[in-house]
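Reviewing the structure listed below.
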Amino acid sequence: MKSSSTETVAKDQVDRPSAAPAEHATRPPEQARRRTRRMGALDLPVVAVRILIFVALIGVWYWSVEDEWLPRMYTATPMETFERLVEMVQQSSFWHSMQVTLSETLLGWVLGSSAGLIVGLILGRWNRLASIADPYLTFANATPKIALAPFFILWFGVGPSSKVVLAAVIVFFIVQVPTQAAVSQVPPDLNTVATTMGATELQKFRMVVLPGIMAPVFGALRLAAVYSLLAVVMGEFIAARVGLGQALITSTNQFDMRTAFALLIVLATLAVVINLGVSAIERRVLRWRALESSASSVSI
Amino acid sequence: MGARATGVVMHTTDGSEATPPAGPSPQEYSVSLEGVSVAFDVPGKGNLLAVDNIDLHVPAGQFVALVGPSGCGKTTVLNMLAGLMRPSAGVVSRYGKPVDGPSRDIGYMLARSALTPWRTIRANVELGLEIRGVAARERKSRAMALLERLKIDHFADAYPSQLSHGMQQRVAIARTLAIDPDLWLMDEPFGALDAQTRVRVQSEFLALWEGSGKTVLFVTHDLSEAVLLADRVIVMTHRPAEIKLDMMVDVERPRNPQEQLFDPRLEEIERTLWEELRHEIQ
Ligand SMILES: Nc1ncnc2c1ncn2[C@@H]1O[C@H](COP(=O)(O)OP(=O)(O)OP(=O)(O)O)[C@@H](O)[C@H]1O
Ligand SMILES: [Mg+2]
């Protein structure tokens with residue numbers, strides 16, 4: 001009995017186009033997990049080249065400042081920037097700005113994503129409704145939404161609300177469009193299977209549609225988080241009392257380039273951290289996809 | 001199960017008084033198609049008749065294979081029984097009751113395995129039970145029992161993309177049967193498998209069915225598969241589908257596809273069927 005079942009496994013391997021090693025057949029989940037871990041591990045030559053590029057970039061930065069490619073008063077060296085950064089993180093005003101900008105970003109992201117998700121789901125489900133809404137959404141989406149910032153500041157004030165609204169509007173379209181497309185791209189077979197098993201509309205939504213759109217939706221949410229930060233910083237450029245963007249525009253206006261460069265680095269780091277945060281959630285939710293891509297990468 | 005029991009009772013009470021013993025009453029047939037026609041409205045081409053006036057009665061517990069040229073309307077017949085569509089004319093009924101939507105005692109395995117990529121193998125098999133609100137522990141034990149019988153239990157926690165095609169089909173079988181349906185609708189379940197894998201999966205499938213008392217409608221392109229597995233083979237004409245030939249396969253059970261692949265009696269029946277079918281293909 002034992003031998004016949006292993007035989008089945010071995011033979012089934014043959015009809016698989018990307019025949020993996022035989023052990024893969026008997027212990028697939030463990031194998032795949034090991035593989036993912038190996039892919040995540042550090043690849044020394046890659047790390048070495050990355051460090052080299054980093055050093056070279058800092059070198060170019062330093063050289064360009066010292067050599068005065070631009071007037072010295074418009075630039076700051078890496079060292080000056082780093083010193084200012086260390087100084088800044090010890091000031092409570094910096095952390096206050098950080099907190100304001102971050103909370104505006106988060107709120108804009110959550111509100112815009114929720115609205116985008118809901119509208120995308122509804123329009124993806126009811127095609128006729130989508131046909132009605134389509135010209136309006138296309139028109140609204142085509143508008144450069146940053147141009148709305150002055151209006152929002154006028155309507156919602158110099159405080160956080162105008163930034164949150166601007167971020168939410170930008171985030172809304174980033175999430176709504178792919179969500180709507182994803183709903184209509186859920187394989188109809190999966191819905192048919194659920195239908196024949198007697199699933200209600202609600203069950204189909206929960207068991208087929210929602211998990212089926214997760215991959216594209218998460219891609220959109222990750223992008224949206226970074227755009228939310230972008231929108232908030234832009235809003236703060238135009239008018240704000242506190243915030244990293246406000247601090248940045250003030251420092252450039254005063255030719256305080258050390259502060260400006262330090263803030264630029266803070267903002268870039270923030271965007272990277274936000275991106276990593278959403279990716280971490282994404283990896284947890286979409287575990288099956290990580291396994292899928294690792295399985296296919298083996299055949300190369 | 002319940003519907004079937006009532007069918008039998010109704011026959012004994014009704015049958016003794018009214019109808020003479022001219023065959024089973026409609027209530028006793030697991031599946032009945034009476035004068036069933038299906039026309040599709042194809043934009044630009046008008047009405048396309050896919051199924052033309054079919055009569056078919058399948059007693060409970062019979063394994064029926066449906067064979068016919070590609071595009072003749074086999075899937076359409078299964079779709080009607082699964083309650084996914086209605087006939088344009090005629091009546092499709094089960095135990096005398098017209099089919100008016102998906103039913104919980106029918107298992108339908110689509111031609112494409114259509115596994116849910118984000119669910120593990122076990123969770124895929126549990127889908128129907130979950131829809132039915134069966135408790136998690138019960139779901140697990142039923143899914144694992146089926147996976148064991150199909151010899152893929154060690155893949156329970158894997159995802160479909162990690163499985164070979166033959167294994168995916170076995171998972172689809174397990175998913176279809178996990179809800180313990182009374183009628184099994186199988187649409188070319190083994191069509192895309194290589195010859196060796198197919199014989200294996202056929203044996204496993206037959207072992208699950210034999211002695212279960214369930215009714216099977218099994219669509220296939222493969223005559224030898226039809227003869228090997230079924231009690232009765234229906235040959236359909238090319239579109240619009242009519243029944244060309246209805247033939248019993250009088251070979252004892254249990255059968256063993258691995259040993260009977262070249263059984264002369266089966267080959268004889270297959271030859272007869274082929275003579276009928278080849279005129280339809282031309
Ligand atoms: N939704 C539909 N709209 C229009 N025509 C359809 C539709 N579904 C099926 N048909 C047509 O009806 C005919 C029968 O289709 P069906 O899928 O039942 O064939 P089949 O016997 O299962 O074929 P195959 O063996 O290739 O699977 C085909 O000619 C097909 O083009
Ligand atoms: Mg078909």
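By convention in this document, chain letters (A, B, ...) are assigned in the order of the sequence lines, proteins followed by strands, and residues within each chain are numbered from 1.
- For a residue to count as touching a neighbouring chain, one of its non-hydrogen atoms must lie under 4.5 Å from one of that chain's; by this rule B:Leu185 does not touch chain A.
- Side-chain contact between A:Val193 and B:Met109 is absent, with no heavy atoms from C-beta onward closer than 4.5 Å.
- Here B:Phe63 pairs with B:Trp209, B:Phe218 under the ring pair (Phe, Tyr, Trp, His ring centres under 6.0 Å) rule; sequence neighbours left out.
- Applying the salt bridge (charged side-chain N to carboxylate O under 4.0 Å, His left out) test to every pair with at least one member in residues 203-228 of chain A, sequence neighbours left out, gives these pairs: A:Glu201-A:Lys204, A:Arg222-A:Glu282.
- The minimum heavy-atom distance between A:Met207 and B:Glu130, with the atom names listed, is CE-OE2, 3.8 Å.
- Contact record, A:Thr196 with B:Ala82: CG2-CB, 4.3 Å, taken as the closest heavy-atom pair.
- Rounded to the nearest 0.5 angstrom, B:Arg112 CZ and A:Leu190 CG are separated by 10.5 Å.
- Using a 4.5 Å cut-off between heavy atoms, A:Pro211 touches chain B through backbone and side chain atoms alike.
- By the side-chain hydrogen bond (donor to acceptor under 3.5 Å, both in side chains) test, A:Thr105 pairs with no residue at all, sequence neighbours left out.
- B:Arg132 places a side-chain N or O within 3.5 Å of a backbone atom of A:Met197 that can act as its donor or acceptor partner.
- The local environment of CZ in A:Arg50 is sparse, with at most 12 non-hydrogen atoms from other residues, nucleotides or ligands closer than 6.0 Å.
- Contacts between B:Ile106 and chain A at a heavy-atom distance below 4.5 Å involve the backbone alone (N, CA, C, O).
- Contact count versus chain A (heavy atoms, under 4.5 Å) is highest, among B:Leu110, B:Ile152, B:Leu115, for B:Leu110.
- By a heavy-atom distance cut of under 4.5 Å, B:Arg119, B:Leu127, B:Gly128 are the residues of residues 119-129 of chain B near chain A, going up by number.
- Between A:Asp189 and B:Ser113, the closest side-chain pair of non-hydrogen atoms is not below 4.5 Å.
- Summarising the local packing, CZ of A:Phe218 is surrounded by more than 12 heavy atoms from other residues, nucleotides or ligands at distances under 6.0 Å.
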